[in-house]
**Q** 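I have a structure here, written as structure tokens, and I will follow up with some questions on it.
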2 protein chains.
Amino acid sequence: MEQTIEAYENILEEFRKLIKSSNLKYTKQREFILEAIFYNKGHFTPEDIYNLILKKHPKSNIGIATVYRTLGFLENSNLVTSISFGTQGKKYEFGLGKHHDHLVCLSCGKIFEFHNETIERKQKEIAKEFNFKMTGHFMKITGICSECIEKMEGE
Amino acid sequence: MEQTIEAYENILEEFRKLIKSSNLKYTKQREFILEAIFYNKGHFTPEDIYNLILKKHPKSNIGIATVYRTLGFLENSNLVTSISFGTQGKKYEFGLGKHHDHLVCLSCGKIFEFHNETIERKQKEIAKEFNFKMTGHFMKITGICSECIEKMEGE
DNA sequence: ATCGATGCAAAAGTTTTGCATATAC
DNA sequence: GTATATGCAAAACTTTTGCATCGAT
């Protein structure tokens, strides 16, 4: 699924506003980071993103520290979301649009996405029960995907 | 909530069997790690566990590497479970007994637990839909707890 | 001109690994 | 006695920070 240029322009616009309203400065590095996450569907470590940018903008001379700093900001602003998959580190993905959760295959690492309204509703109820002001939620089902099950049976 | 000695004896028995059936060796270090997680209700980093053991068994001379190695084994065996809270690292908790999920306060870091059957059921349905052999699931609601909300309003 | 943002490199923190020794079986 | 587990220390990673300089406003 390719993202359209128009969609990106809208996001960029939102991003500019967000930066302005946070009294921050608009820099090309920040834009590159947003761009990298937007155009590459999937889940990326800060280092992945850093490398994507180096590849796409070889002379941009961006630093990994900037990637970390910007991801922090983007996450707080809900433009990207992060999760921890597997044993190590954090991965980021573009975070606008309908909320979704993940199925993670422990064998091949593949990630499947789903959305379920019943669960979403229940989560809100639970937060309310605890007098919790919910700002986010996150769900992950781990297991073995059908493809890997077949492979195992084939052995 | 204090755990009873009897309950621990049962776990220990299970642990021994598990080790035997995995063709591993039973060592006092492995027992100390299980003990530390069992008797201290909560969520611990590997380092927390390491320190708990040093404190309880000052002359045991355990190494942090052993803690990491054993936690990996315990997690694979479902005797403990791990989650990533906040920005950094992984925390472990004792993992037998009824499955539960977590509410995490982003302000004070406190963790609340809940269990909801509807969500559990839905998760199973979703795994089935994807032909996924589910081995675990994990849900986290983030937000601000009622105590912190009050504090903020008081300011 | 000002003040925040950046890159770099160092530091801090976390997890894994190699290896000689100790210990369970 | 043999093979695995351990502690230690080093290495490998990941993330954060300090600081001089750059660049957006």
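Since the structure is predicted, the reported quantities are computational estimates derived from the model, not experimental observations. Chain identifiers are assigned alphabetically (A, B, ...) following the order of the sequence lines, protein sequences preceding nucleic acid strands; residue numbering begins at 1 within each chain.
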**Q** Could you go through A/Lys28 and A/Glu31, starting from their C-alpha distance and side-chain angles, then the distance that decides it, and tell me whether this counts as salt bridge (Lys or Arg N to Asp or Glu O under 4.0 Å)?
**A** CA-CA 5 Å; A/Lys28 68 178 189 335; A/Glu31 185 178 328; over 6 Å; no
**Q** Using the ring of each side chain (for Trp, its six-membered ring), is B/Phe15 parallel, tilted or perpendicular to B/Phe73, with breaks at 30° and 60°?
**A**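 Geometry flag for B/Phe73 against B/Phe15: tilted rings.
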**Q** Look at the aromatic rings of B/His102 and B/Phe138 and report parallel, tilted or perpendicular, splitting at 30° and 60°.
**A**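 Rings of B/His102 and B/Phe138: tilted, as their planes differ by 30° to 60°.
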**Q** How many whole angstroms separate atom CG of B/Leu24 from atom P of C/dA24?
**A**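 After rounding, the gap between these two atoms is 14 Å.
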**Q** For the rings on B/Phe112 and A/Phe132, is their centre-to-centre separation under 6.0 Å?
**A**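 So the answer is yes for these two rings.
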**Q** Strictly below 4.0 Å: does A/Thr27 bring a side-chain N or O up to OP1 or OP2 of C/dT6?
**A**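 So the side chain of A/Thr27 is within the cut-off, an N or O lying under 4.0 Å from OP1 or OP2 of C/dT6.
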**Q** Measure NZ/B/Lys91 against P/C/dT15 and give the value in whole Å, please.
**A**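 Taking atom P of C/dT15 as the reference, NZ of B/Lys91 is at 12 Å.
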**Q** Between A/Tyr39 and A/Tyr8, how do the two ring planes meet: parallel, tilted or perpendicular, split at 30° and 60°?
**A**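 Ring orientation of A/Tyr39 relative to A/Tyr8: tilted.
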**Q** Counting only non-hydrogen atoms, which of residues 54-69 of chain A are less than 4.0 Å from DNA chain C?
**A**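 Contacting residues: A/Asn61, A/Ile62, A/Gly63, A/Ala65, A/Thr66, A/Arg69.
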**Q** For B/Thr45 and for B/Lys28, find the nucleotide of DNA chain C with the closest heavy atom, then tell me which residue's nucleotide is more 5'.
**A**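 First, find each residue's nearest nucleotide; the 5'-ward one identifies B/Thr45.
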**Q** Mind calculating the distance between CD (B/Glu75) and P (C/dT15) to the nearest angstrom?
**A**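 Distance, rounded to whole Å: 12 Å.
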**Q** Starting from P on D/dC13, measure out to CG on A/Asp48 and report it in whole angstrom.
**A**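 Rounded to the whole Å, the gap is 14 Å.
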**Q** Please check if the distance between the ring centroids of A/Phe44 and A/Tyr92 is under 6.0 Å.
**A**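 Ring centroids of A/Phe44 and A/Tyr92 are no less than 6.0 Å from each other.
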**Q** Find the distance A/Ile49:CD1 to D/dT14:C1' and express it as a whole number of Å.
**A**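 Roughly 14 Å, once rounded to whole Å.
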**Q** Ignoring backbone atoms, establish whether B/Gln29 has a side-chain N or O less than 4.0 Å from OP1 or OP2 of D/dA5.
**A**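 For D/dA5, OP1/OP2 do not have a side-chain N/O of B/Gln29 under 4.0 Å.
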**Q** Return the value, rounded to whole Å, for the distance between atom CD of A/Glu47 and atom P of D/dT14.
**A**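 Distance, rounded to whole Å: 6 Å.
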**Q** Report the distance from atom CG of A/Asn51 to atom P of D/dT14, rounded to the nearest whole Å.
**A**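 About 11 Å, once rounded to whole Å.
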**Q** Can you tell me if B/Thr66 uses its side chain to pair, donor with acceptor, with the backbone of B/Ile62 under 3.5 Å?
**A**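 Not a single qualifying donor-acceptor pair exists.
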**Q** Provide, to the nearest angstrom, the distance between the NZ atom belonging to A/Lys25 and the C1' atom belonging to C/dT6.
**A**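 Distance, rounded to whole Å: 11 Å.
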